[in-house]
Every structure is written in C-alpha cells, then in structure tokens.
Amino acid sequence: MRRLVRLACALAVAAASGIASAAPPGWADALTGRLARIKETGVVRLGYREGAVPFSYRGPDGRPVGYSIELCDAIVATIAADYAPRQFGVEHVRVTPTDRIAKVSSGEVDLECGATTNTPERRQQVAFSATIFVTGTRLVVPRESAIRGVGGLAGRKVAVVRGTTNEAAMREIERLRGTGMEIVVASDYAEALSLLEGGKVAALAADDILVRGYLAETRRRHEFRLVGELLSFERYAIMYPRDDPALAEVVDRTLRRLASSREIVWIYNRWFVRPLPARGWTCR
C-alpha cells in the first residue's frame, strides 16, 4: 500500500505540473523528432526487458507484458489517436541493462519500457517520464547466511548486475564506509545468483522489487532472503530520447490522463497486488 501511495503521489505531481491536456492545434502537421518518423513509418519501437518481472517480461504467448509495457501501450494509443497513419504497428526490441540507454539514444528504440532508474547521469543522454515506481537496493543472501545488512560485508565479495545503479550504490557505500568489500560484476541475475549459490560472493545487491520478481519467477524464494535496509533510492521511469519536446508532450499527457482518471491505480493493482497473469503469485 505504501508503494501505491508513493506511485499515486508521483503521478499526481505530473498531472498537476501544467502539462497540456490536448495536442496544440496543427501539431500533427509539424511533427519533429521521433513522432515524425513514427507518422512516416507507422511503427513505434518499444524497448522491453526479458526478466524485469513484473515491469517487463515475456508472457505465456512469448509477447512482452508487464506494468511498464502497459503504460507504454497507453502512450502508443495516444500517438495512434493523434498522429499515426491508418496502418499502425508496434515493434518490440529487446534491451538489457547494458545497452538500453544506447538503443534509445541511437533511435533503435522510441520508448524504453522496463525498470530504469532516472538519474542525473542518465539524463545527460536520454529523457525520462514522471516517476512510475519507487524501490531501492537491497541485499540478497542465502537463506542460511548470518549476514543481516551491509555491515556484514566487511572484507567480503558482493555481486551486482552490470549496467545497473546498484553497482554505483555499492561503490559509493564502499567509498564512504571503507569496509573493504569487493564488488563483483555479473551479466545478469542468473549469473549473480550462481555466484552467490556457489559461495563465490557473500551477497547480491539488487533492486528490491526486481530481485523479488526474479526469485518468484524462477521459484527460488525458499533459497534466498532479502536483508537489511534500502541502500539506495531508485525512481523508475519510462525512458525516451532527449531534446524531443513533441514526444515528451505525448508521454506526459498520457500519464496525466491515467492519473486523473485513476486508471493508473487499476494498472498498478493488476501487476503488484493481484496474482500475475498465468502465474498465480505476486511480487509482494
């Protein structure tokens, strides 16, 4: 419930920020940036993550689904209604924590619909929507481990996934506290948990909600536990190109509509409160 309140408040701020409620007259006749290409080609390219449950992952039929995907679908519907030609489609492009920013910057992806934290460093390369979820870095340890927080990592190894803000958070903690912990970078959660299971690292540092989803998805919740306080503050948002005011207007207007109609609450409940589609478990 606390997450829901934070989410609703964040989107309410976006809704009250003076965003235009409708496209300006003649806007569609003078499109620029990605919307001009979308109107010309009739295709929106959505970036998705394969294992970011419940934000973005492959559903039973192999198509990307999730909370962030559904928000992006709403943005696509706005684009289709306002600007798109009669024949209009969506192309899903797989992204990873390592290449997601580059794919948005290069034009390979129009909207990145995953679990990406809005940071000042990333805003040098891309733009972000209003906050859609708030989480933070937590430690994952084997069920039998005596570690109960970051203080137990002194002189030990901790795994992080490459391209995530968790790596930066743990390096900053080490810089400030000087615990002597060693950070080991893994390519994904599967590799990181393999290192943890094999005793090569003492803990995994990851976003609370993502690692909960991954452990539930792989049915391994009984093997590990999340311990300690939040070690960082992660504000997830939809990522899109910088310096593209036309696309930014569509993104902001869509989120405002979802917030003002309270449809955002129904979408949130579908992915975080009720059992996930075709799975029967939740991420709570």
Side-chain angles (χ1 to χ4, degrees), residues 3 47-70 92-100 112-117 132-148 153 156-167 169-170 183-228 230-232 234 236 268-284:
R3 287 196 185 101
Y48 74 96
R49 294 262 298 275
E50 285 197 329
V53 180
F55 298 89
S56 173
Y57 62 100
R58 286 189 177 274
D61 63 356
R63 291 180 56 82
V65 296
Y67 173 66
S68 298
I69 295 291
E70 190 162 349
H92 291 100
V93 180
R94 180 177 175 271
V95 301
T96 68
T98 304
D99 67 15
R100 54 189 166 178
E112 191 265 342
C113 319
T116 299
T117 301
I132 63 170
F133 195 85
V134 177
T135 186
T137 303
R138 291 279 301 280
L139 296 180
V140 182
V141 299
R143 179 69 58 175
E144 67 278 6
S145 173
I147 294 174
R148 290 295 179 267
L153 295 178
R156 301 191 181 190
K157 295 181 179 180
V158 57
V160 296
V161 174
R162 180 177 289 107
T164 64
T165 51
N166 311 121
E167 178 180 358
M170 297 310 293
I183 296 173
V184 178
V185 180
S187 60
D188 53 28
Y189 283 146
E191 181 184 350
L193 287 173
S194 178
L195 293 172
L196 185 57
E197 188 176 34
K200 296 181 180 178
V201 298
L204 161 64
D207 284 1
D208 179 292
I209 185 64
L210 289 184
V211 77
R212 286 182 187 276
Y214 182 83
L215 292 175
E217 174 81 353
T218 56
R219 303 184 184 279
R220 303 188 69 185
R221 284 191 287 193
H222 64 286
E223 300 177 38
F224 305 96
R225 69 172 70 201
L226 278 74
V227 298
L230 289 178
L231 302 174
S232 69
E234 310 294 337
Y236 290 173
Y268 179 94
N269 288 344
R270 183 154 47 244
W271 298 103
F272 295 98
V273 177
R274 302 188 185 100
L276 293 178
R279 278 167 169 75
W281 45 263
T282 70
C283 288
R284 290 181 298 169

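Side chains included, hydrogens not; waters and symmetry mates left out as well; all remaining heavy atoms used.
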Asker: Looking only at atom types and distance, does a side-chain atom of S56 sit under 3.5 Å from a main-chain N or O of A52, one as donor and one as acceptor?
Answerer: no
Asker: Please give me the minimum heavy-atom distance between A192 and L204, naming the atom from each residue.
Answerer: CB-CD1, 3.7 Å
Asker: Can you give me the closest heavy-atom contact between P142 and A202, atom names plus distance?
Answerer: CD-O, 4.1 Å
Asker: With side chains defined as the heavy atoms from C-beta onward, is the minimum distance between V140 and E223 less than 4.5 Å?
Answerer: no
Asker: For the atom pair CZ (R94) and CD (E50), what is the distance rounded to the nearest 0.5 Å?
Answerer: 4.0 Å
Asker: Do you know the tightest heavy-atom contact between P54 and F272?
Answerer: CG-CE2, 3.4 Å
Asker: Looking only at atom types and distance, does a side-chain atom of R225 sit under 3.5 Å from a main-chain N or O of R143, one as donor and one as acceptor?
Answerer: yes
Asker: When you compare the side chain of R49 with that of P97, does any pair of heavy atoms fall below 4.5 Å?
Answerer: yes
Asker: Run the side chain to side chain contact (heavy atoms under 4.5 Å, CB included) test on L215 and Y189 for me, step by step, so that the C-alpha distance in whole Å, both residues' side-chain angles and the decisive distance to 0.1 Å come before the verdict.
Answerer: CA-CA 9 Å; L215 292 175; Y189 283 146; over 6 Å; no
Asker: Are any non-hydrogen side-chain atoms of L153 and L139 less than 4.5 angstrom apart?
Answerer: yes
Asker: Mind listing the closest non-hydrogen atom pair of I69 and P64 along with its distance?
Answerer: CG2-O, 3.8 Å
Asker: According to the interplanar angle, ranging from 0 to 90°, do the rings of F55 and Y67 count as parallel (below 30°), tilted (30 to 60°) or perpendicular (above 60°)?
Answerer: perpendicular
Asker: Could you pull out the closest heavy-atom pair between A205 and V158, with the gap in Å?
Answerer: N-CG2, 3.9 Å
Asker: I'd like to know if the side chain of R156 and the backbone of V201 have a donor-acceptor N/O pair within less than 3.5 Å.
Answerer: no
Asker: With side chain to side chain donor-acceptor pair (under 3.5 Å) as the test, pick out the partner of E234 among T165, N166, T116, T135.
Answerer: T165
Asker: Identify the heavy atoms of V211 and A206 that sit nearest to each other, and give their distance.
Answerer: CB-CB, 4.0 Å
Asker: What distance separates K200 NZ from K157 NZ, expressed to the nearest 0.5 Å?
Answerer: 9.5 Å
Asker: Check whether R148 reaches the backbone of S145 with its side chain - one donor and one acceptor, N or O, closer than 3.5 Å.
Answerer: yes
Asker: Could you give the distance from CD (E167) to CD1 (I183), rounded to the nearest 0.5 Å?
Answerer: 6.5 Å
Asker: How far does CG of D208 sit from CG of L231, to the nearest 0.5 angstrom?
Answerer: 10.5 Å
Asker: Could you tell me whether the side chain of T137 reaches within less than 4.5 Å of the side chain of D207, counting heavy atoms only?
Answerer: yes
Asker: Kindly indicate, with the supporting measurements, whether the criterion side chain to side chain contact (heavy atoms under 4.5 Å, CB included) is fulfilled by V65 and Y57.
Answerer: CA-CA 6 Å; V65 296; Y57 62 100; 3.7 Å; yes
Asker: Does one side chain, of Y48 or R58, offer a donor that lies under 3.5 Å from an acceptor on the other?
Answerer: yes
Asker: Under 4.5 Å between any side-chain heavy atoms of L230 and R138, yes or no?
Answerer: yes
